[in-house]
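Notes follow the structure.
Residues: numbered from 1 along the sequence shown.
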Amino acid sequence: MDLRECHMATEKKEELRITDNEEQLRIVGMHCATCVTTVSKSLKSVSGVKDAEVNLATGSAKVILSGNVRLKELVKAVRKAGYDVATEKFTIKLNVNPEEMPKIERKFENVKGVVDVKSNPGLGIVSVEYNPETTTPEEILKEAGVKGEIVNEQRSEKSILYKDFHDLLRRLAVGIIFTPLTYLLPFFFGILVSIAVQFYSGLRFHKGAYRALKNKTTNMDVLVSLASNILWLSSIFLHNTFYADASLLITFILVGKTLEAYIKAKMSAEIRIEPYKATLKDGRVVNSNELKVGDVVIVRAGERIPADGIIENGEGEVNEAILTGEQKPVLKKKGDNVLAGGILVNGYLEVYVTRNWDRSYIVQVTESVRGAYNTRVSIQNLVDKVSSIFVPIVISISALTFLVWKFVLDYNLYSSLLFSVAVLAAACPCALGLASPMAMLVSVRRALKRGIIIRDGSIFEEMRNINVAILDKTGTVTEGEYVIVSKKEFIEGALNLAAIAESRSIHPIAKAFHKMNVRAGEIEQFEEFPGRGIYARVNGNDVIVGSKDFVRDNCNWNVEDEGDIFICINGNAGGIVNIRDKLRDDAKKVISYLKGRGIRIIIATGDSSNYADEIGKELGVEVRKELTPDDKAELVKELRENGNKVMFIGDGINDSIAMREADIGIAISSGTDLAKSAGKVVVNSLDDIIGLFEQTELAVRKIKENLAWAFGYNTAIIPIAAGVFYPFITLPPEYAALAMGFSSVIVSLWSLVPI
């Protein structure tokens, strides 16, 4: 694009106006006219989009909508095309009950400018991704009609969750101190003392009930507030001691809610990474989030590495268990990469910082993990429907209980009221709301401790349906450490020129050439064709190195010899190289495990050599050779279109497209950053695939067991509270409240039990 075109594009940008039927996006990654066409086509492919105007000079896109299109679909289309949309996120802590979260999510989703909403009912946390071109967090909260504390550096999620715990603890302390007095003191003084419990300790329940009713919904707070207020007010009008029961009811509820809040805060804190202290080479001590690319930091024995970087000087053993789960220290020396979070067991390092703190691997992992435990499983939709009608049904049962005992069975007002209130106090919708998210949170956290990074919690359901597993060969099934076992030269010096050309590539096959002793040479031009080969201009010579078909298609090849890697020099056959790679130690074990689950195995590789066939024969699996990155993605797509659920496991740039196309993409952590960002799961080794399946089965079982407890508890406790088994079994309101509080605690604690 020339300057005149840029100027015209800028003028066009200034004419753009956003209306209710338009959306303005900031596109990231465009650099030419082709990019503009690609992004435009991707946006127009979304159903409901009338037109899309993409501006290269300003990096903006105006999307004209003719239907009800969610912003999320537009962003997804752009990202699928290989570009990105500039979005921002904010996290908010809400004082709401788990059963209220679905309605909160819908409120945010209906606000203009919101891209995606993820919530964790267990922690009361909502993460909102939005388009900063059209809205702000304050505008979103105002439009949604939601109030809460926005999490930031000053008010971290950890501090807000502990703040909630300490607030409950104070209210519980007041209840514990004053509730016994309500039973010991005479009526007048007892009811005065109960005010502290009823209207201070119980205030959060009353406020929650008011908020829910104002929003035309119901929740646990409505049940607690209604039960305690009925008891307390009836004390005044009927001149009895129900005020003491009301105080005990609130205190018992607070015991359970306080313990539950502590568990939430504790678990959340364990998945939060705070910046480390960093010592700069000039002696200054700063936080790691203040470091910039290019800074050099000093790391001494016993200290944590504060940033991702390259060792500029020194060597030592680094424990990377926080990243890999592997406790054995790894020797690191000059030129090696190190990651923030690792501990230098011994030695001395000077590390050149290559990534800012917020882009460091450990922070990205942490954010991915936090996103994973916010994922909703499909069974949660049923739970949401039940929760939405649960409280009205319980209130109806409570009213019916009172009418039956008072007017059908002709019991006195005192007894009828106690049975009725016990029903309100016993029922627990919170346990239903917590069942799934708590199991998800604990499962993701447990997997992380094993070195398995789960970026998307949906895999807990999807893994059970996988029936095809596609594995990349190099670096996944094999170790990716190629060695040249034989070679032929048809043009003198061809191998030397090929080795010089390959010095620019980081592909595992290229590394086999790196080990050769080569004469010095100048690379004037270089281009890499993923999955096929390379072209370079070396010392004035045109050099092509790659697969048989790639080289023959671009070379006057007149030699009949066969091999793995072909070399073309100045348009003529230059040489042939044969290479070999070692099979991973755990490959046979994992393949055998997957076969045992009835999963079809395919090895997909860009390799054209006979060695790929040998690997397939040794493992007893299908092999698809000479596949480009697009071919791999097409294979995945074809299998999915035929009704298969596909898992793709890889470690290279060549695999990232296929990973995104698969139902589940799994990246080996030793691979490239691009591959890791494409995978829904990142594992340290192939052997972790077995652990991933085991963790998935445990997570799904925990969700089902938690839901069985929540439904079973309410099914059993409500009839008991209503007096169905009276006089053999009775449940006074205060003990019904204790049972309600501990129902949620049991769900939380059972999620932590690894069986």
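Residues Ile454 and Leu448 fail the side-chain proximity criterion, which asks for heavy atoms closer than 4.5 Å. No side-chain heavy atom of Leu74 sits less than 4.5 Å from a side-chain heavy atom of Val78. In this structure the side chain of Phe648 never reaches within 4.5 angstrom of the side chain of Glu661, judged on heavy atoms. The shortest side-chain heavy-atom distance between Asn684 and Ile452 does not fall under the 4.5 Å cut-off. Residues Leu141 and Val128 have side chains not in contact (no heavy-atom distance under 4.5 Å, counting atoms from C-beta outward). Using a 4.5 Å heavy-atom threshold, the side chains of Ser201 and Thr251 count as separate. Within the 4.5 Å cutoff, the side chain of Ile253 has heavy atoms near those of the Phe205 side chain. A heavy-atom distance below 4.5 Å is found between the side chains of Lys702 and Val753.
Between the side chains of Ser119 and Glu105, at least one donor-acceptor pair of N or O atoms lies under 3.5 Å. Remark: the Asn229 side chain and the Gln198 side chain contain an N/O donor-acceptor pair separated by less than 3.5 Å. The closest side-chain donor-acceptor pair between Ser225 and Asp221, if any, does not fall under 3.5 angstrom.
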>> Applying side chain to side chain contact (heavy atoms under 4.5 Å, CB included) to Leu169 and Tyr262, what does each step give before you reach the verdict?
In response: CA-CA 10 Å; Leu169 195 61; Tyr262 176 75; over 6 Å; no
>> salt bridge (Lys or Arg N to Asp or Glu O under 4.0 Å) for Asp167 and Lys163? Distances and angles first, verdict last.
In response: CA-CA 6 Å; Asp167 177 68; Lys163 178 183 175 183; over 6 Å; no
>> Is there a side-chain hydrogen bond (donor to acceptor under 3.5 Å, both in side chains) between Asn356 and Lys292? Walk through the geometry before answering.
In response: CA-CA 6 Å; Asn356 294 333; Lys292 299 179 181 64; over 6 Å; no
> Do Asn706 and Ser436 pass the side-chain hydrogen bond (donor to acceptor under 3.5 Å, both in side chains) test, and can you show the C-alpha distance, the side-chain angles, and the key distance before you say yes or no?
Replying inline: CA-CA 7 Å; Asn706 283 350; Ser436 170; over 6 Å; no
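For the pair Ile666 and Met659, the tightest heavy-atom approach, listed with the atom from each and the gap, is O-CE, 3.6 Å. The minimum heavy-atom distance between Leu424 and Ser398, with the atom names listed, is CG-OG, 3.4 Å. When all heavy atoms are compared, the tightest approach of Ala227 to Ala425 is CB-N, 4.3 Å. Looking at every heavy atom in both residues, Ala340 comes nearest to Trp357 through CB-CZ3, 4.1 Å. Residues Ser743 and Tyr713 approach most closely at OG-CD2, 3.6 Å, considering heavy atoms. Of all heavy-atom pairs spanning Ser360 and Asp308, the tightest one is CA-OD2, 3.3 Å.
None of Lys72, Lys89, Lys76 except one satisfies the salt bridge (charged side-chain N to carboxylate O under 4.0 Å, His left out) rule with Asp116; the exception is Lys72. Tested against Pro429 for a side-chain contact (heavy atoms from CB on, under 4.5 Å), the candidates Val222, Asn714, Leu223 yield a single pass: Leu223.
Note that CG of Asn287 and NZ of Lys277 are 4.0 Å apart. Values are rounded to the nearest 0.5 Å. Rounding to the nearest 0.5 Å places CG of Asn131 at 9.5 Å from CZ of Arg26.
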